Every structure is written in C-alpha cells, then in structure tokens.
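Each ligand, and each atom within it, is numbered from 1 in the order the structure gives. Keep in mind it's a predicted model, so treat the numbers as computed, not measured.
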Amino acid sequence: MSMYFKNVSKIRYEGKDSDNPLAFKYYNAEEVVGGKTMKEHLRFAVAYWHTYQARGEDPFGKGTAQRPWDNITDPMELAKEKVRANFEFCEKLGVPFFCFHDRDIAPEGDTLKETNEKLDEIVSLIKELMKTSDVKLLWGTANAFGHPRYVHGASTSCNADVFAYAAAQVKKAMEITMELDGQNYVFWGGREGYETLLNTDMKLELDNCARFLHMAVEYAKEIGFKGQFLIEPKPKEPTKHQYDFDAATVIGFLRAYGLDKYFKMNIEANHATLAGHTFQHELNVSRINGMLGSIDANQGDLLLGWDTDQFPTNIYDTTLAMYEVLKGGGFTSGGLNFDAKVRRGSFEAEDLFYSHIAGMDAFAKGLKIAYKIIEDGKMDQFIADRYASYTTGIGLDIVNGKVGFKELEKYAMTHDQIKNASGRQEMLEAILNQYVVSG
Ligand code: XLS
Ligand code: NI
Ligand code: NI
C-alpha cells in the first residue's frame, strides 16, 4: 500500500502525561467504560469532504492546503488516490468509520449516466480496499446542493426537472451506500429552504420535500436497504431559512407527513448554535422523542454567525453531548462523525492528524466524565427530587389523567399558599465543574 502520510505512524494511546502531539491522551480504544469499550461507545468517523476535499479556501482567498495528492491532475486518478489515502488515514488514527457525499468520492461527468459510471468505478475500489481493512462506512449522502442546477433547491426546487434529477441522484447514492454496507443514510437539506417568501410557495415546497422522503422510504424497502435514515437539521446557510430548522421543527414535519417512524436525527453541534440552541438541547429534544440517531461532531465559534465546522475541543460540550448519548442508551447505528475542517492556517497534512486527535481525546474525556455523572446519580437525584410533587397526591393524579380543570380548581381553592423550592443552578454548575476538573 502506498504511503500518503509518511511522517506519521499509527497513533497510540500514551495517557494524559504524554507530551507527544501525535498520541492520544484520553482516547484508549480498548478501555472499557460501563461495559463497552471506548471504540464501541464513540464510533468515530472521518468526514471525506473536509479531510480530502477541503482546501482551506475562504471568500477572500484561495486554498492553502498542502496535501500528498496535490501533484495528481487526472480527476479519476485523484479520486482513487484519495480513496487509498482515506484507508491509510483512518487506519493510522484507529477511526473505524468514514462518511461521504457521492460527489466527494468521484467527479461528475457530462451526463448523469457518465457520472454514475465514474461513481461505480470508485465504489468498486472502496469495496476492494474494505476487504482487507476494518474501516467501514458510517453513512453516505448525496450532494444535491453544490451544482448550479440546485440553485433553487433539490426536492424543494420550483422546477420539477430538478426534483427528478435529485431523485435520480439520491436513488444512486442510496444504492452505493447499501453496496458499501453503510449503516445509515443522511439527508441534509442542502438548499432546501428559501431566500424570500415573495417568490416562494412554502406549502408546495414542504409537500414536495415530504413526497421525496416517502419515495426514498419506498425505494429503501424495494432494494432492501436496512440502514437508518437520518435527517440533519440546520436553521440557515446556505439559504436564509432552511426548512430543517432544528430538531423540534424536523420532528414536527416528520410527524405531520407520517414519516416519523422511518427517520432519526443527525445532530450537528454547530447547527445547534446557529439555531440559537445549545448542542445539548438538540440532542435532548431528539433523545426524548426517541430519535437520537447520530452526531456530526464539531463546534462553532459563538462570535461568528456561520458554520465554521471547527474540531470539537470543548470538554463541557463533549461531556454534555455524551451525557445525552448515554442517557439515550448509546449509539446503535450512529456515531460521531467529525464534520469538521482544519483552519486555513493549519495547512499541513499533519494538521489532519492533530485535529482528529484533539477531537477524539475531547470526546473520550467527555464520555468518561458523563459516565461518572450518571453513575454517581447526584444530578439525576436532584432532578427527581425537583419533580417529586408529580409522584404523589394531586401531581400523580395529573400525570395519570385522573383530574381536569374542575377538580384542580377545587384543589387550588384549598391549596393556594404555594411553596416553591430553589432551582440551585449555580450549585449544579459547580458540581459539573468538579466532575469536569477531576475527570
Ligand atoms: C453542512 C452539513 C453537511 C452535512 C452532510 O452544513 O453539515 O456537511 O453534514 O451533507
Ligand atoms: Ni453536518
Ligand atoms: Ni454543517
């Protein structure tokens, strides 16, 4: 196997006192936390688009990235080199999964037919390399937003020809995801949204989006695709208003159109921030609705209003995220996909390793802290006590549906001297600090 990352050998766990930047300080793949290894809990994935496609370009300047495949000019040769590089990269990091958009792995041809042929050629190479590797596909998706044909959206485009083209593209993306044994298939509503209501029939666009998803569900049944369908909420960017705004909006939409039993959420930290929520909020909403499927693990910059896709290094966030994941019973088909890119200034290939190591360590630490919080039970006990009034007397009657307004009025007439208890927010924040610091 050719070597793309020659200066880096297999990344090992060296523990918290190691000063080797190319070693894990907290992520110890085989270490058992509550009956499962860290590898089984965290199910890390490398995002193909950020790792092999992104060049660090921004609106003010060209890409700065220096990559081992930079001298290859033939697009198909380049695509193949990246496939090989992906396997070497994931193996060196010990990351068990990767994720891709159809257009990340193969270039488009002049016609849809040609594009699909190119895709097939690359998929066969991936399949071939999978035979001798433990690296698997966490999820596949279709890039139905980048090409100019998607200027007005894909399934929500005003142009029925675009709807049809997107359907053909997603059909193919589902097929290759299945062929590569992908464990999930993601729908991120790239340009499904609007810029202005002055030119938009929102009702028709939403109905069409639901029609599209129903077609996907039907087709999955037809071909026997058993992977989990995921929807990734995002409130804005690229459009001013994205229909899949946040978890609550998406869940409401799925229920309204009878799609809820086929989908779960793929929650991205930075998208939560853009929606004006915390990462934990989005995970919690998904979890309590039984729809927490997978995570796009990154972080945003609270001072910036766009999707900066930074590597997750904030231990508070990773702790509270893993708290929600553990409370939800852990990942099944999902995992932690690093939908994150190195900064423009971090242009060397080695930075791809430093960034993933930083993210993996942050989540490993978060997992351990979250597990300890749950195991100790102090936080749970506080919440249970806070709602204790619903476990006896009138509260229990409310929960059991035994009383209505008339009975409650009668009760309130004789219980109007109400006593509340403190919410103790600062005390709880200090307890959380103790957990995070003592780790
Ligand atoms: C963009 C999204 C995208 C999805 C996959 O903001 O995060 O990368 O994860 O299409
Ligand atoms: Ni994402
Ligand atoms: Ni994103």
(request) May I ask you to check whether Phe89 and Phe5 place their ring centers less than 6.0 Å from one another? (result)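 Centroid separation for Phe89 and Phe5: below 6.0 Å.
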(message) Aromatic contact between Phe338 and His50, with the criterion being ring centroids under 6.0 Å apart: yes or no?
(response) no
(message) Check for me: within less than 2.8 Å of the Ni ion (ligand 2), which protein N/O/S atoms show up?
(response)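 Protein N, O or S atoms closer than 2.8 Å to the Ni ion (ligand 2): Glu232 OE2, Glu268 OE1, Asp296 OD2, Asp339 OD2.
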(message) So is Glu237 touching ligand 1 or not, going by heavy atoms under 4.0 Å?
(response) no
(message) Under 4.0 Å, counting heavy atoms only: does Val186 come that close to any atom of ligand 1?
(response)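 Per 4.0 Å heavy-atom rule, Val186 does not contact ligand 1.
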(request) Could you pull out, from Trp49, Phe187, Trp188, the option with a heavy atom nearest to atom 1 (C) of ligand 1? (result) Trp188
(request) Within a distance under 4.0 Å of any heavy atom of Lys234, pick out the atoms of ligand 1 and give their elements. (result)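 Under 4.0 Å from Lys234, ligand 1 has these atoms: 1 (C), 6 (O).
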(request) For Asp307, take its heavy atoms, then give the atoms of ligand 1 lying under 4.0 Å from any of them. (result) 1 (C), 6 (O)
Salt bridge or not between [X] and [Y]? Use side-chain N to carboxylate O under 4.0 Å.
{"X": "Asp361", "Y": "Lys16", "result": "no"}
{"X": "Asp380", "Y": "Lys327", "result": "yes"}
{"X": "Asp70", "Y": "Arg55", "result": "yes"}
{"X": "Glu91", "Y": "Lys10", "result": "no"}
{"X": "Glu108", "Y": "Arg103", "result": "yes"}
{"X": "Arg84", "Y": "Glu88", "result": "no"}
{"X": "Glu268", "Y": "Lys234", "result": "no"}
{"X": "Glu195", "Y": "Lys240", "result": "no"}

(request) Specify whether Phe187 and Tyr185 have parallel, tilted or perpendicular ring planes, treating 30° as the upper limit for parallel and 60° as the lower limit for perpendicular. (result)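 Perpendicular.
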Note the single closest protein heavy atom to [atom], along with its residue, its atom name and the distance in Å.
{"atom": "atom 2 (C) of ligand 1", "result": "Glu232 OE2, 3.3 Å"}
{"atom": "atom 5 (C) of ligand 1", "result": "His101 NE2, 3.2 Å"}
{"atom": "atom 8 (O) of ligand 1", "result": "Asp339 OD2, 3.1 Å"}

(message) Both conditions, 6.0 Å and 45 degrees, for the charged tip of Arg149 above the ring of Tyr165: are they met here?
(response) yes
(request) Record the part of Asp296 in heavy-atom contact with ligand 1 below 4.0 Å; permitted values are side chain, backbone, both and neither. (result) side chain
(message) Nearest N/O/S atom of Asp307 with respect to the Ni ion (ligand 3), by atom name, please.
(response) OD2
(message) Asn266 versus ligand 1: do any nitrogen or oxygen atoms come within less than 3.5 Å of each other?
(response) no
(request) Would you check the N or O atoms of Trp139, main chain and side chain alike, for any that come under 3.5 Å of an N or O of ligand 1? (result) no
